[in-house]
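This report concerns only the one structure given below.
We're numbering straight along the sequence, starting at 1. Keep in mind that what you see is a predicted model, and the values were worked out from it rather than measured. All ligand and atom numbering here is 1-based and tracks the order in the structure.
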Amino acid sequence: RARQAAIESVTNWPATGRRAPKTTTTIRQLFGSNVFSDDQMRARLPENVYKAIRETLRKGVALDASVADVVAAAMKDWAIERGATHYTHWFQPMTGLTAEKHDSFLTPTEGGGAIAEFGGKELIRGEPDASSFPSGGIRATFEARGYTAWDPTSPAFILENPNGTTLCIPTAFCSWTGEALDKKTPLLRSVEVLSKQALRILRLFGSHASTVFTTAGPEQEYFLIDKNFYYNRPDLMNAGRTLFGAKPPKGQEMEDHYFGAIPERVLACMLETETELYKLGVPVKTRHNEVSPAQYEIAPIFENANVATDHNMLVMETMKRVADRYGLQLLLHEKPFAGVNGSGKHLNWSMSDDLGNNLLKPGDTPHQNAQFLIFLVAVIKAVHKHADLLRVAVAHAGNDHRLGANEAPPAIISIFLGDMLQDIVDQIEAGGAKSAKAGGEMKIGVTVLPTLPRDAGDRNRTSPFAFTGNKFEFRACGSAQSIAGPIVVLNTIVAEALDEFATTLEKAVAEKKDLNAEIQKLLQAAIKDSKAVLFNGDNYSEAWHQEAEKRGLPNRKSTIDSLPDLVSPKSIGLFTKYGVLSERELHSRYEIFLEGYHKTINIETQLTLQIAQRQILPAALRYQAEVAGSIANLKNSGITVPKGQSAHLSELVAGIDELQSAVDKLSDAIEETSAGGSLEHAKHSRDVVIPAMNAVRAAGDKLETIVADDLWPLPTYQEMLFIK
Ligand code: ADP
Ligand code: MG
């Protein structure tokens with residue numbers, strides 16, 4: 001039994017279990033040792049080639065083809081020195097996972113030998129057979145192939161594996177018609193768009209920056225449970241979450257897990273994970289227990305958003321790989337266990353110029369603060385106008401279990417500024433900021449704009465989008481999802497707001513108007529228009545739901561309510577205007593997401609039926625036979641059957657009956673062939689199938705509280721969450 005095996009693995013671990021490998025290498029030596037880093041390039045490339053690459057990286061200009069051959073040769077030598085035998089273009093198709101197709105460095109020669117071949121051509125472009133990746137119809141009318149294109153802005157790295165070492169080259173993935181089939185392509189486009197618009201604002205303030213990039217730091221939550229349990233839970237294995245499981249006597253109500261001591265085996269696993277990630281150049285920094293038992297968090301230091309996105313994928317994959325070595329199973333699903341907290345991913349987001357200035361950091365002078373306020377208000381304006389798109393960016397079946405539930409921000413997107421900043425924004429709206437609430441005297445200086453308090457924000461934990469001193473924290477992201485989508489939306493909507501601001505201000509400058517007065521006017525108008533999205537109270541409260549409705553803020557309760565916003569005229573107008581996603585690409589994504597939702601629910605339904613019919617019912621019937629037999633024995637022996645015993649049997653019989661009829665209803669629900677397209681199918685899943693599935697679960701969970709423990713086939717919540 002899983003339970004015995006798990007208990008053994010936990011009790012034996014201190015004596016015989018794997019320990020995090022001891023290393024004498026310092027973090028400094030370890031960090032980035034498997035990355036074809038800037039240092040490696042500097043050391044291995046001729047100076048002119050290195051400079052060309054640096055220019056490409058810094059300015060985001062196209063790479064010279066002749067440079068590629070030289071880089072490829074250096075990269076290959078480096079990889080082979082480190083034991084690599086294969087290389088792969090590493091990309092992020094719309095499955096939400098990463099994909100690899102390994103090619104050997106070796107090419108046969110005429111004489112029957114083999115030489116290592118890997119040139120600029122192989123570096124820059126690859127042709128994986130792409131026909132089985134989701135394309136939302138994009139490839140249907142064309143050939144099934146897609147190609148991968150090197151992204152020189154994210155460094156190549158080596159994945160070491162006991163079974164072989166592979167050079168991984170981060171790439172974008174497109175169709176032959178140039179349409180994006182992945183998460184990286186629109187991300188790179190959106191970074192460029194944001195850079196262009198942000199630079200226009202910076203120019204007005206005399207900045208010499210040549211590029212602006214987005215910074216991102218995702219805080220990743222996850223669960224770890226013993227593998228013995230995992231293999232005995234078909235639901236966890238195939239759906240990533242439990243579809244059955246009665247509430248344990250103890251859940252998270254004692255609040256004794258959060259920030260508590262990390263269990264030894266888990267700690268060892270974390271240590272080894274971190275070592276692996278250091279080698280890959282991922283700057284992981286914090287680790288701690290989360291709210292639910294068996295739940296943890298890992299957070300990196302923020303990086304350029306493109307690299308941070310690749311690194312978050314590596315974090316998720318590395319955690320899973322290393323957990324295996326410790327007999328632990330990583331669960332990234334947003335809601336693996338009902339009744340305890342689910343997992344999210346807080347996306348910390350800001351903008352920085354190439355001179356190292358964080359554009360969302362309040363400055364020391366009124367001049368700096370005018371600039372800061374423009375960027376801040378641009379974000380407010382953008383989020384107000386496109387709250388629906390931020391919602392779409394976090395809409396998927398798994399996240400439906402969190403958003404709006406009592407543990408995660410609601411599906412209503414609003415912004416938390418904190419009292420001080422809110423006060424300043426209010427004053428600007430009223431016609432000019434004068435003093436800050438609690439931060440002492442405010443300097444008004446040459447303009448109406450005050451010196452801003454630093455770190456003024458108190459810590460609101462309920463807001464989906466909070467300003468936290470020098471960055472925004474988007475808290476509605478799901479733990480399993482790529483952060484690429486949310487970043488694409490943020491970059492694009494903020495670029496649009498900056499574009500409008502820049503156009504107005506550039507015109508004012510051309511007309512020789514007073515810039516400060518124009519900025520004041522512009523900010524005032526923008527705040528008036530967008531202030532409905534600002535909310536500093538408790539987002540979990542019922543009162544907020546009513547208030548938000550009054551303010552006209554969208555509240556898309558489920559994935560299906562939200563997804564159509566992706567292809568609204570407003571969305572198509574925005575994304576096509578800036579060339580981030582074409583109309584066809586948006587429609588293709590919409591189809592992929594709808595289909596993904598429908599497929600997820602379908603898998604869960606099949607699993608629910610399978611577990612109910614083949615595991616729970618048989619166990620309950622066996623137990624029924626036992627109880628009925630024992631009652632019959634009493635009768636045969638002439639003993640009056642105590643009321644409690646016959647009541648127990650009746651309860652059991654009724655419970656089995658309830659399960660059976662719930663199973664029948666669920667079977668009917670999936671039989672009902674709904675006419676129409678993918679939206680109708682998805683709606684049917686949400687409105688008919690999910691409630692029917694929940695009813696089966698309720699009946700199954702009730703039986704779990706009645707049926708004898710030794711007959712119960714599934715590891716329980718108590719076991720999975722507390723044996724570690
Ligand atoms: P919390 O209180 O939510 O745990 P922290 O201050 O510890 O927040 O930071 C959380 C995350 O925010 C970290 O991953 C950190 O690197 C990231 N972060 C800090 N500054 C920035 C920034 N300018 N841009 C993006 N992310 C940032
Ligand atoms: Mg946080």
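In the vicinity of Glu473, heavy-atom distances shorter than 4.0 Å reach the ligand 1 atoms 3 (O). Listed by number with element, the atoms of ligand 1 under 4.0 angstrom from any heavy atom of Ile301 are 16 (O). Residue contact check: Ser350 has heavy atoms under 4.0 Å from atoms 22 (C), 23 (N), 24 (N) of ligand 1. The contact set between ligand 1 and Asn358, taken as ligand atoms under 4.0 Å from a residue heavy atom, comprises 23 (N).
Taking CG of Asn304 as the start and OG1 of Thr309 as the end, the distance is 8.5 Å to the nearest 0.5 Å.
Considering only heavy atoms from C-beta on, Leu204 stays 4.5 Å or farther from Gln371 through its side chain. Side chains of Lys531 and Glu429 form a contact here, defined as non-hydrogen atoms less than 4.5 Å apart.
Applying the salt bridge (charged side-chain N to carboxylate O under 4.0 Å, His left out) test to every pair with at least one member in residues 368-394, sequence neighbours left out, gives these pairs: Lys381-Glu500, Lys385-Glu496, Asp388-Lys570. Sorted by first then second residue, the salt bridge (charged side-chain N to carboxylate O under 4.0 Å, His left out) pairs that include residues 478-494, not counting sequence neighbours, number zero.
Remark: ligand 1 and Trp349 share no N or O pair separated by less than 3.5 Å (distance only, no angle test). For ligand 1, the polar-atom distance check finds no N/O of Ala299 at less than 3.5 Å from any of the ligand's N/O atoms.
Contacts between Arg461 and ligand 1 below 4.0 angstrom, taking non-hydrogen atoms only, involve the side chain exclusively.
The only option from Leu331, Val315, Ile298 that meets the side chain to side chain contact (heavy atoms under 4.5 Å, CB included) definition with Tyr222 turns out to be Ile298. Between Arg200 and the choices Asp499, Val212, Leu498, the side chain to side chain contact (heavy atoms under 4.5 Å, CB included) rule is met once, by Asp499.
By heavy-atom distance, the residue among Thr215, Leu347, Thr468, Val284 lying nearest atom 25 (C) of ligand 1 is Thr215. Residue nearest to atom 5 (P) of ligand 1, selected from His288, His346, Lys471: Lys471 (by heavy-atom distance).
Residue contact annotation: Glu219 has a non-hydrogen atom under 4.0 Å from ligand 1.
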